[in-house]
Amino acid sequence: MSITYLEAIREAQARALAEDPRVFIYGQDVGAFGGAFKATKNLAKTFPGRVIDAPVSEDAMVGLGVGAAIEGMRPIIEMQFADFSTAGFNQIVNQAATLYWRTNVPCPITIRLPCGGTSGSGPFHSQSMETIYAHYPGLVVLTPATVEDAYSMLLEAVAIDDPVIFCEHKLLYYHLKAEKLPTEALPVGKARISREGRDMTIVAYSAMVHEALAAAEELAGEGFQVEVVDLRSVKPLDTDTVMASVARTGRLLCVGESWPWGGVTAEVIARVVSEGFGLLDAPPRRLNAKDTPVPYHPSLWAAHRPTARSIAGAARNLLRM
Amino acid sequence: MSITYLEAIREAQARALAEDPRVFIYGQDVGAFGGAFKATKNLAKTFPGRVIDAPVSEDAMVGLGVGAAIEGMRPIIEMQFADFSTAGFNQIVNQAATLYWRTNVPCPITIRLPCGGTSGSGPFHSQSMETIYAHYPGLVVLTPATVEDAYSMLLEAVAIDDPVIFCEHKLLYYHLKAEKLPTEALPVGKARISREGRDMTIVAYSAMVHEALAAAEELAGEGFQVEVVDLRSVKPLDTDTVMASVARTGRLLCVGESWPWGGVTAEVIARVVSEGFGLLDAPPRRLNAKDTPVPYHPSLWAAHRPTARSIAGAARNLLRM
Amino acid sequence: MFQAVLNPGALGKASPFCDSYLKAYRLALLSRILDEKFASLYRAGKIHGGVFMGRGQEVLSVSLGMALRPGDVFAPLIRDAAGRLAFGEPLLDAVRTYLGSPQGPMRARDGNVHRGRPLEGLFPMISHLGAMISVVNGALLARRLKGVSGTVGATCIGEGGTSTGSFHEAVNQAAVEKLPLVLVVANNQYAYSTPNSRQFACRSLLDRAHGYGVEGCAVDGTDLEACLKGVGEAVENARAGRGPQLVVARLLRLCGHGEHDDAGYVDAKLKQSPLGRDCLKVAEELMQSRNWAGPEALAAWRSEAVQKIEQAVAQVQREPGPDPFKEVWSALSCRALSEGVEES
Amino acid sequence: MFQAVLNPGALGKASPFCDSYLKAYRLALLSRILDEKFASLYRAGKIHGGVFMGRGQEVLSVSLGMALRPGDVFAPLIRDAAGRLAFGEPLLDAVRTYLGSPQGPMRARDGNVHRGRPLEGLFPMISHLGAMISVVNGALLARRLKGVSGTVGATCIGEGGTSTGSFHEAVNQAAVEKLPLVLVVANNQYAYSTPNSRQFACRSLLDRAHGYGVEGCAVDGTDLEACLKGVGEAVENARAGRGPQLVVARLLRLCGHGEHDDAGYVDAKLKQSPLGRDCLKVAEELMQSRNWAGPEALAAWRSEAVQKIEQAVAQVQREPGPDPFKEVWSALSCRALSEGVEES
Ligand SMILES: Cc1ncc(C[n+]2csc(CCOP(=O)(O)OP(=O)(O)O)c2C)c(N)n1
Ligand SMILES: Cc1ncc(C[n+]2csc(CCOP(=O)(O)OP(=O)(O)O)c2C)c(N)n1
Ligand SMILES: [Mg+2]
Ligand SMILES: [Mg+2]
């Protein structure tokens, strides 16, 4: 048996629906059709009345989720693409994210965002929005990079009593495969050392973990042992694991697919240098997408985002310092 | 004569309207009423038909501004509070911010956001949104801290061919005064040394500049010479001026009123350490608002945001390192 | 749930309708005096932030609160002190929230009209207009999923709020799901300073009902009898499974947008028109004309209300303010996931 | 502005109406064949991202394009290849955008239906449904401020898009400003897979017009004559200063949402109903019954269209792709304000 990242997301939802009567799914085309990416395929049939098609109304979709959460339900809201969550932005950051703080009533809503660039998708079907949501208090922002994490973190997201922004990477949907679903998992909030190494640390998350691993592999051929940390969750952000890694390697490169200004990479670097200044033997570096919308054409797109090649290049520069 | 920060904003708009027939103002209650904060007082009378009341429709307000900009106009869109710009978020980040990049047609729209906390305003009338907008490519994000800058930067915002997010701080509206309007100004994109000092650098912007200056004054009494850099513009961010200051002082404290995760302070620190690692004699530090919504009660609010006292405290710790 | 705010013994006059009319009037009066108390505390500098009054809208608001039952959901807006009291919100909740007492339901974190008790069906508004409607929808859908029936969800909005995208999405959503939603639009002629002519172009906002496929009714918002009837029927219809109900009330805001606003822009013609009648005066005249209540009763009710409010204010003013050092600075209920962002 | 896409000599038959009918048909046919070409390039793996066809909606779309004049503003949506061609969009713009040629108006930065030339009045859509309407409003308001009169602005949306808050805010905005906006709603029964029953609850979306205070008309979107008349009148009304015009067309999407979608969910009954007629076939039958065009003319027009398209595709396929090293990686027109964020 082999299971894809997308199937893991579907299986996690199936299990959540099966085990917890409070769970329901709401989103455009999630019902009989099974969702734009088929992340809810067959679920409407298996769980009648609990996988519900929404009108093209992101604001009302999120608002409805909050109201249902107040009533003790555990809604999963699917955005058709992360990019369209801008239309539900206000309800996410001002309604869902503030409810518990204002009222002491938890808001267990999971918002699934199909994120990230894929070839030919262009500026409005490629965005990574983890930075935007992580900036706001009151939200948990998860960015699974593996099939196993997609499964276990989505289950955990539904179980968490707070609003979770679940950033699934579309590029991983079909191609990333695992042998089977995990039976145990790191808890949300813990980063993972995806590859050990003692010469430098690359911190990455979501699809960039795989680019970083490929870069590490390439550099291994040149005699460098590069450690790769998969953040898994960008808020909370597991500073301890990152710092421990940097303490071993003395060098930090931080990679993110979203835009350069104020993203995950800035946050990681700011934390490491203010709390672990003495650990670094060289300046920390970062690599992000370019500061333009995500281009449509495959060759522009490939140049816009960090890749194994550009990561390896940046890592080489840093290793030489 | 003496002129407030708010009056400077009104005067800048009056001058823009007077000098450029392409300028018009659109926003809720901006017409005969003169705006919730009176930033457009008397302008509707002086410039008939060019200061236009909008329905409670932030999305459509911004969309209208973009369409008018395509037609060669220079709209100023007033949000009643920065917090409500979440309802126009999609048009700002996906329509206005991408237009030039997609089509080569500039989008000279200025969006005025009354930002920042004031006592008793609570979670939905106190937000600082510069971090959110600065993350997106295609936007210029200005954060004037002085009466003179409020005036000259708003005039420049209207003249700039790109979308400008103009973050005015409500706390400065009535209390901050200057003798007269400036006749010349630093260009947008340049930071200013607001106070010179050789022991450490505090980087701040908007209302926090004044807290930082007060802290510097307090520390001067203790024999420390603290340099205060006013960023003025958070995107673009004048890394050169910050680095030059840090090169002189060796110590960096970065202060922002918005939430801690991924804000201006993270970006400044990430830049300084990756480009000027060797300049620092101590770890860079930052001080932000707490990671909760902005509280209503004055004494909670005062503890939520950085103040002269907490800045001085953080600075003292850093000076001792 | 909540405790009753009126002394029940004082009621029980002529007919059941008379009973509810008097009860509604007294709650509306209580809310008027409460608002005025907040306004005077505001002028005395004892309230931080804004004060928003329901003046001129009390009988509309109270009619909605009266029609709801325990177990229903209610998301009031800024001018709904009367509806809140009728729904059962404790007077102390209002006073504690305005005065920033940590013993209030918002624990000094949010203020003035931004208060509620979600678990008791009273949803606290966020400021963004239009944003509460879909939240009520969600509660109603949840009940349907849980198999709970017979409850309704109600919320209020001004005519200005009908211009938001949130309003539209939520009304359409309720219509598609045929939820028992009652949406009361108070067309008080102004959104802050903006007159209706700059807010919408249809003849009546009621014309929107048809476009959403929901039932609608218009009421004279200055007339308590009309409000009790119109709003009451809407709530009954929703409860009976007839889907969302839109109530559009005509009236005039008889105060500024907030207490900082002198409302100098309000058209004198409107003030003199039937819209500009004071809904409490109208009710008083009716009660007197029908011999339901004479001047003594009115005076007694007023002084009873004043006393209740003064007592609550006095009590809350003795309560200590919040302590920032004891405040839990986290927005997450899962403490383990809260970021302990180190600050120097 | 744009160059004409049809050979004008071929027109000029019986009456002016016949002339426009034939012209419209030929443009609709051209767009159909163009869409089919893109679909086949997609199946051959020559197009990145999606392909979105207007199949079944061509005569509605073309009627709008035909009614517009140079100087008007047009913001087409995903199924408007026909309207674009009628408005004057060069065939090459479509081909270059789909194939990602840097010589196209979007310079390979955006693709497929996300194309336009703002300065020539053809506004390129962003993907977010509903977002273009207020942009057209802005252009129209700007013209009013500049003293330009006599032009209109038109845009299209599907019935799914009417559920967005953006749609509502913008229609209301246009109504308040009484702008010369023509908004064509193609109710093609599905929003991706979602049927109307899950999208709205009113009888007809036309019922919304009244609620906004704008004029509205319904048209049979499968009938070119009805579309030319209905849409043409709406454009005339807007031009005459009668304010926003809402046109609601009934039809059926005769294809998948995109070429990746087999549309297996479409109700067979709808396909067999009059809504499911192929609007081009309907037009062909009418032209033949009225002796406006026989089988030879139809065949000739088709092969002329095929040839034009093959030629354009062949030309664009020879054009080099974009060079990421020459690309200006800045989203600002003021280069001095662009961040040169250093990356290692
Ligand atoms: C989305 C949004 N935009 C702007 C505001 C600022 N605002 C607060 S009240 C108000 C006017 C509301 O008018 P209306 O809905 O008619 O209610 P009323 O005050 O008349 O009761 C505005 C514009 C807001 N609260 N929310
Ligand atoms: C705000 C927003 N949410 C979701 C989407 C994803 N989406 C793209 S097309 C579509 C369906 C549109 O249906 P409709 O408006 O009826 O147009 P049609 O495709 O039928 O022509 C959806 C939901 C989007 N583009 N924008
Ligand atoms: Mg109003
Ligand atoms: Mg459709």
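In what follows, chains are A, B, ... by sequence order, proteins preceding strands, each numbered from 1.
A donor-acceptor pair under 3.5 Å is absent between the side-chain atoms of E71(A) and the main chain of A142(C), judged by distance alone.
Below 4.5 Å, heavy atoms of chain C meet heavy atoms from I160(A), D161(A), D162(A), all part of residues 154-162 of chain A. Taking 4.5 Å as the heavy-atom cut-off, the residues of residues 230-242 of chain A that approach chain C are K235(A), P236(A), L237(A), ordered by number. Contacts with chain A (heavy atom to heavy atom, under 4.5 Å) involve no residue of residues 147-159 of chain C. Close approach to chain A, defined as a heavy atom under 4.5 Å from one of its heavy atoms, is seen in M106(C), R107(C), R109(C), D110(C) of residues 106-116 of chain C, taken by number.
Taking the side chain as every heavy atom from C-beta outward, L332(C) and Y100(A) never approach each other to under 4.5 Å. Proximity of R117(C) to T103(A): side-chain heavy atoms (C-beta onward) are nowhere separated by under 4.5 Å. At least one side-chain heavy atom of R102(A) sits under 4.5 Å from a side-chain heavy atom of I126(C).
In this structure, the separation between CE on M73(A) and NZ on K146(C) is 7.0 Å, given to the nearest 0.5 Å. Taken to the nearest 0.5 Å, the CG atom of L337(C) stands 12.0 Å off from the CG atom of L139(A).
Residue contact with chain C, scored on non-hydrogen atoms closer than 4.5 Å, is absent for V62(A). With a threshold of 4.5 angstrom between heavy atoms, S127(C) does not approach chain A through any atom at all. Only the side chain of L141(C) comes within contact range of chain A, with heavy atoms under 4.5 Å apart. Residue contact with chain A, scored on non-hydrogen atoms closer than 4.5 Å, involves the backbone of P105(C) exclusively. Interface residue P55(A): only side-chain heavy atoms are found under 4.5 Å from chain C. Looking at Y136(A), neither its backbone nor its side chain comes within 4.5 Å of chain C, counting heavy atoms on both sides. In this structure, the portions of Q95(A) lying under 4.5 Å from any heavy atom of chain C include both its backbone and its side chain.
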Inset, instruction - Check step by step if side-chain contact (heavy atoms from CB on, under 4.5 Å) holds for L64(A) and V135(C). - result: CA-CA 5 Å; L64(A) 180 143; V135(C) 177; over 6 Å; no
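Put simply, of A336(C), S330(C), A331(C), the one with the most heavy-atom pairs under 4.5 Å next to chain A is A331(C). The candidate from P124(C), A139(C), G130(C) with the greatest count of non-hydrogen atom pairs under 4.5 Å with chain A is A139(C).
Nearest heavy atoms, D53(A) versus E177(C): O-OE2, 4.3 Å. Here the closest non-hydrogen pair linking D59(A) and S166(C) is OD1-OG, 3.1 Å. Nearest heavy-atom pair across Q173(C) and A60(A) is NE2-O, 3.0 Å.
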